[in-house]
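One structure is given below, encoded as structure tokens.
Note: hydrogens, waters and symmetry copies are ignored here, and every other heavy atom, side chains too, is used. Nothing fancy with the numbering, it's 1 onward along the sequence.
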Amino acid sequence: MARSELDREIEEGAGAFVLGLGRLLSGRDMDGVRRTDATFFRCGSRVLEGVVEGRVGWWSYVAGWQRSGIRLLGLGAAGGVGWGYWADPEQAVRALQYGGVSVGGLVVAGGVMHAVRGRRQRELMREWIEPLHLALLDPLGIPAATRPRSYLHVPGNFSDDDAEIRIDLPVSLQFNEQRVAELVVKKLALQGVSFRWKYGGKDPYVLVKKVHRPPGKVVFSDPRVRELVQNVRESAPLIGLGRGQKVVSVDLDVESPHVLVSAGTGGGKSVILRTIASQLIHHGAHGYILDFKRVSHLWARGVANVTYCRDIADIHEALISLGAEGQRRIHAAEHLGDDEDPSTVGPRIVILLEEINATMKQLARYWEKVRYRDDPKISPAVDALAEILFMGRAVRLHVLLVAQSATARALGGPEMRENFATRILARYTQNAWRMLVPEVHPAPKSTRHIGRAQVVLGGVAQETQVMFMTDAEARDWAMAGVGAESAVTLERVAVPQRPSTPAEPGYLGKHASLAPGDPEISEISAGLGHGTPQAVPQAAAGGLEMTAAAEEPASRAEAEDPDGAALRPVAAARSKNPQQLVTLRKAQEEILPQLTVEALRTARKRDPDFPPHEGRDGQQMLYRVEDLLKWERNRVKSGTG
């Protein structure tokens, strides 16, 4: 039997009624169009792409249970009024009259208060939120119909120090972080803010907070700062103060055994190294300052536990000796138990390596001049530095390295640069930041503020005001500790003499079989002008042992000095055994003719780096030729400060 048109209309009407009732009770839009990502229990935060055009109203962002409750309350109120009017019309009309006036008054008063109190919100919306919303539509890939307040949570006091801005991100995460961060900073006119990105889960977001700036200056003479320095751990020297007066330090035994300092001209590289090194020396560390610039750390002159190497030959020798010391300590650390003190391998050694870009080039050139044909092409000093960097914290050798441009090539390869877990950057360029700490983005803006640096550890950058110590304060603090009680003396390692042919540099002819230390072989070697002996570990039954060198012949690099400054003492020393003891007058006549006896005596009184005497000949003090030659090479010349 065919269904009539009336039956179809009744069925369609019943279906529409049931569907409408379901939408009413579930809190969905009555037209059935889902405009936002709101669910029954959660409010919406974004518009569904491609659903509607134009701005979506606030009602579509409300959670389903809230919309359902409001609808049911409205229907209940309307039903109650209807039932009351049906039961007692007069009372119902009277109640509506009085109630309507009261409700109307409340609505008017509430509207006025909302208009007055919402004026700032409307201004905030018009001046800041709407422009930011329009700027972020394309970078975040947000539909244009999205209501700005649904994902931009910007408080009215967003420029205050304690304010926090939250921006809900699209789940797809297909956006450029740096671009978004730049737009937020520009459109809201923010300065000094930090971004914390949260990507996990179904509700990714970014928090933007205004950071508290570090103090304008931090000086060691301040009693509060001095107290902080006194209270820090021996292995964690104070670098400076960060935001909110937070202490910024790096534990060399736990967090990072080596520190890389990269800064442009005037960025305070030497100040940073002076601050860290003086504290370590105060607690007993021995300092090796490898300073090709010669005058970067004059504060260390006269400090008992510091070895200052200015000449490239002595920097070469020091690195080789330190590498050998690291090997010795590795073997010693093998036998330490879990509960033993790691300091039993030896006192802490801190190595200050200034201007690595220039120093590495000079080491390579020096090695090219002094190496034999069958020697490796890479300088053993560069290899020793690489070994020290890879040894880690167990050997208690720490490198504080300075570079204007810390490229992988300048440091000997990218693997060497990765050994610096702590990196301090000041007056940096964007290229330098991306090269050294690409994991921290966006890069904080560099500042010209004196003493301001970024200390980066574990992917977190801390803006820091570096503590400033004068030369006198650093020297006094370093000497006021226990450093003098634990001096470290590294044994030099000699290369065994080997026969050579007349075609080889360094041919010794009939003297090739003479033993090292023999006066005759010393005389020949000094006359030929060959370099500092290469460090080679000597195998022995008792483990790795180092043999002290019996001689230090002058290098060809010095003999080829275009100014002749290194040639004069080399030529004068040809008839001297480097281990021989001489008086100051004899030293001036035979090995240091460019100086006067009065200058040597003045240096003995005033120069803290002047070598100590090794004996006496009556009333006259005797000095080792080797020590005098090394002092002459490394002494601070009058022309350099």
Side-chain angles (χ1 to χ4, degrees), residues 214-242 245-252 259 261 263 266-291 293-310 347-355 398-402 422 424 426-427 449-453 455 462 464-487 606-609 636 640-641:
K217 62 179 180 179
V218 179
V219 294
F220 182 71
S221 56
D222 187 338
R224 294 172 297 180
V225 176
R226 191 182 184 95
E227 183 179 359
L228 291 175
V229 174
Q230 291 174 338
N231 294 333
V232 295
R233 294 193 301 274
E234 174 265 338
S235 61
L238 175 69
I239 298 176
L241 297 181
Q245 302 290 322
K246 179 183 177 182
V247 172
V248 179
S249 63
V250 177
D251 196 321
L252 300 178
V259 178
V261 180
K269 300 183 292 291
S270 298
V271 172
I272 297 173
L273 263 63
R274 178 172 67 206
T275 297
I276 298 175
S278 61
Q279 297 178 69
L280 293 172
I281 296 171
H282 174 86
H283 290 289
H286 185 94
Y288 271 78
I289 301 179
L290 312 182
D291 179 21
K293 293 168 59 178
R294 305 186 67 87
V295 292
S296 299
H297 298 279
L298 294 180
W299 64 271
R301 298 195 68 202
V303 178
N305 240 23
V306 171
T307 300
Y308 207 127
C309 299
R310 298 180 178 87
R348 190 185 305 277
I349 296 179
V350 55
I351 306 166
L352 277 66
L353 189 52
E354 276 281 353
E355 295 300 344
H398 310 287
V399 177
L400 308 182
L401 186 143
V402 167
T422 298
I424 303 176
R427 295 193 179 181
H449 186 91
I450 297 176
R452 191 63 53 85
V455 180
Q462 300 183 70
T464 304
Q465 182 66 29
V466 177
M467 181 179 66
F468 177 75
M469 303 175 77
T470 64
D471 283 353
E473 290 171 343
R475 182 185 302 110
D476 294 342
W477 186 251
M479 299 181 66
V482 298
E485 302 175 2
S486 57
R606 299 182 179 179
D607 190 347
D609 296 330
V636 180
T640 59

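- Between the side chain of Gln462 and the backbone N or O of Ala453, no donor-acceptor pair lies under 3.5 Å.
- What you find for Arg475 and Leu298 is that their closest heavy atoms are NH2-O, 3.4 Å.
- Formation of a donor-acceptor pair under 3.5 Å by the Ser221 side chain with backbone atoms of Val219 is not found in this model.
- Looking at every heavy atom in both residues, Gly242 comes nearest to Pro215 through O-CD, 3.6 Å.
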Under the side chain to side chain contact (heavy atoms under 4.5 Å, CB included) rule, what do Leu241 and Leu228 come out as? Steps first, then yes or no, please.
CA-CA 10 Å; Leu241 297 181; Leu228 291 175; 3.9 Å; yes
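- One finds the CD atom of Gln245 at 10.5 Å from the CD atom of Gln465 (value rounded to the nearest 0.5 Å).
- For the pair Arg427 and Ile450, the minimum side-chain heavy-atom distance is below 4.5 Å.
- Counting heavy atoms from C-beta on, the side chains of Glu234 and Arg348 come closer than 4.5 Å.
- For Arg606, the salt bridge (Lys or Arg N to Asp or Glu O under 4.0 Å) criterion is met by no residue, not counting sequence neighbours.
- Atom CD1 of residue Ile289 and atom CD1 of residue Ile351 lie 11.5 Å apart, to the nearest 0.5 angstrom.
- Between Val350 and Ala285, the closest heavy-atom pair is CG1-CB, 4.4 Å.
- In this structure, the separation between CG on Leu400 and CG on Leu252 is 7.5 Å, given to the nearest 0.5 Å.
- Evaluated for a side chain to side chain donor-acceptor pair (under 3.5 Å) with Glu354, the options Lys269, Lys293, His297 yield exactly one hit, His297.
- In this structure Asp607 satisfies the side-chain hydrogen bond (donor to acceptor under 3.5 Å, both in side chains) test together with Arg301, Trp631, sequence neighbours excluded.
- Looking at every heavy atom in both residues, Val229 comes nearest to Gln279 through CG1-OE1, 3.7 Å.
- His283 places no side-chain N or O within donor-acceptor distance of the main-chain N or O of Ser235, the cut-off being under 3.5 Å.
- In this structure, CD1 on Ile276 lies 4.5 Å from CD1 on Ile424, to the nearest 0.5 angstrom.
- Closest approach of Ile349 to Tyr288, counting heavy atoms only: CG2-CD1, 4.1 Å.
- With values rounded to the nearest 0.5 angstrom, Arg233 atom CZ is found 12.0 Å from Leu238 atom CG.
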Hey, mind stepping through Asp291 and Ser296 against side chain to side chain contact (heavy atoms under 4.5 Å, CB included) and telling me if it holds?
CA-CA 7 Å; Asp291 179 21; Ser296 299; 3.2 Å; yes
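- With values rounded to the nearest 0.5 angstrom, Ile272 atom CD1 is found 10.5 Å from Arg274 atom CZ.
- Of all heavy-atom pairs between Ser249 and Pro237, the closest is CB-O, 3.2 Å.
- Not counting sequence neighbours, the partners of Phe220 by the ring pair (Phe, Tyr, Trp, His ring centres under 6.0 Å) test are Trp477.
- Of the possible polar contacts, one joining the Arg310 side chain to the Arg294 backbone as a donor-acceptor pair under 3.5 Å is found.
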